[in-house]
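The block underneath contains the structure these notes are about, expressed in structure tokens.
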Amino acid sequence: MRIHVAALAVAAGALLVAAAPAQAAHQGGLHLGKIQYNSPGSDTRSNTSLNAEWVEIHNNTRSAIQLQNYKLKDNTGYTYTFGSYRIGAGKTVRVHTGKGTNVSGHRYWGRGSYVWNNTSDKARLIRPSGAQHDSCSWTTSDNGTKYCH
């Protein structure tokens, strides 16, 4: 009897693991993290709605990194260029689509329309040299939010 119960417990655990949504392993270094490409609610183009569309960039190193002249781009070619901004070790910065006041951990693109396509798109983090540093793409199956790494 104990053998059957143990076997059932192992089988049930395997089913739970198989049913869990897959998320990419957390990448080291500077990388794209979570992307909210579909602003929750109706797309009203209000500043509140625009700022609910964002991309997180995470610094998973032990040192601060200067992001000046790094770029964030989509498939259409919309480009956000960082001014002088140091992202601390282990910190995240969220780049919002709309307008706002730049503060630690939050940068604002200043746009009056959405950047990220809800059906499919690709975010690219570009080094000042022009080389691609990281990228993350999605489709409608990601339900508005993409966990990149």
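Taking each heavy atom of Arg86 and Ala64 in turn, the nearest pair found is NH2-CB, 3.3 Å. In this structure, Lys99 and Gly110 approach most closely via the heavy-atom pair CE-O, 3.6 Å. Across all non-hydrogen atoms, the minimal contact from Trp109 to Val115 is CH2-CG1, 3.8 Å. Closest approach of Ser113 and Arg45 over heavy atoms only: CB-NH2, 3.6 Å. Trp138 approaches Ile35 most closely through the heavy-atom pair CZ3-CD1, 3.7 Å. Taking all atoms of both residues into account, the shortest heavy-atom contact from Tyr80 to Tyr108 is CE1-O, 3.8 Å.
No side-chain N or O of Thr61 forms a donor-acceptor pair with one of Ser63 less than 3.5 Å apart. Residues Asn69 and Arg127 bring no donor and acceptor atom of their side chains to less than 3.5 Å of each other. Between the side chains of Lys71 and Thr81, at least one donor N or O lies within less than 3.5 Å of an accepting N or O. Looking at Asp134 and His149, their side chains do bring a donor and an acceptor atom within 3.5 Å of each other. Inspection of the Tyr114 and Ser49 side chains reveals an N or O donor paired with an N or O acceptor under 3.5 Å. Counted by atom type alone, Thr48 and Ser46 present zero donor-acceptor pairs between their side chains at under 3.5 Å. Side-chain contact check for Thr119 and Asn117: no donor-acceptor pair (N or O, by modelled atom type) lies under 3.5 Å.
Looking only at distances, no side-chain donor or acceptor of Thr97 sits under 3.5 Å from a matching main-chain atom of Asn51. When atom types are taken as modelled, the side chain of His31 and the backbone of Asn59 share no donor-acceptor pair closer than 3.5 angstrom. With hydrogens and angles disregarded, no donor-acceptor distance shorter than 3.5 Å links the side chain of Asp142 to the backbone of Thr145.
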Between Asn38 and Asp43, is a side chain to side chain contact (heavy atoms under 4.5 Å, CB included) present by the stated rule, with each step listed?
CA-CA 9 Å; Asn38 186 0; Asp43 287 347; 4.1 Å; yes

Could you go through Ile126 and Lys73, starting from their C-alpha distance and side-chain angles, then the distance that decides it, and tell me whether this counts as side chain to side chain contact (heavy atoms under 4.5 Å, CB included)?
CA-CA 8 Å; Ile126 309 296; Lys73 291 181 134 182; 4.1 Å; yes

Residue pair Asp121, Thr139: steps toward the side chain to side chain contact (heavy atoms under 4.5 Å, CB included) verdict
CA-CA 7 Å; Asp121 209 339; Thr139 63; over 6 Å; no

Evaluation steps, side chain to side chain contact (heavy atoms under 4.5 Å, CB included), between Gln36 and Trp116:
CA-CA 9 Å; Gln36 181 68 47; Trp116 309 107; over 6 Å; no

How far apart are the C-alpha atoms of Ser42 and Thr44, what are their side-chain angles, what is the distance that settles it, and do they pass the side chain to side chain donor-acceptor pair (under 3.5 Å) test?
CA-CA 6 Å; Ser42 298; Thr44 62; over 6 Å; no

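Relative orientation of the His133 and Tyr70 rings is perpendicular, given thresholds of 30° and 60° on the angle between their planes.
Taking CG of Leu32 as the reference point, atom CZ of Arg124 lies at 10.5 Å (rounded to 0.5 Å). For the atom pair CZ (Arg107) and CG (Leu72), the distance works out to 13.5 Å, reported to the nearest 0.5 Å.
Side-chain contact check for Tyr37 versus Asn118: some heavy-atom pair is nearer than 4.5 Å. When side chains are defined from C-beta on, Ser84 counts as touching Gln66, because their heavy atoms get closer than 4.5 Å. A heavy-atom distance below 4.5 Å is found between the side chains of Ile57 and Leu125. Between Ser104 and Tyr85, the closest side-chain pair of non-hydrogen atoms falls below 4.5 Å. Contact check for Lys34 versus Cys148: no side-chain heavy atoms found under the 4.5 Å cut-off.
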For residues 87-95, please give each side-chain donor-acceptor pair under 3.5 Å, one per line with the distance, not counting sequence neighbours.
{"from": "Thr92", "atom 1": "OG1", "to": "His58", "atom 2": "ND1", "distance (Å)": "2.6"}
{"from": "Arg94", "atom 1": "NE", "to": "Glu56", "atom 2": "OE2", "distance (Å)": "3.1"}
{"from": "Arg94", "atom 1": "NH2", "to": "Glu56", "atom 2": "OE2", "distance (Å)": "2.6"}

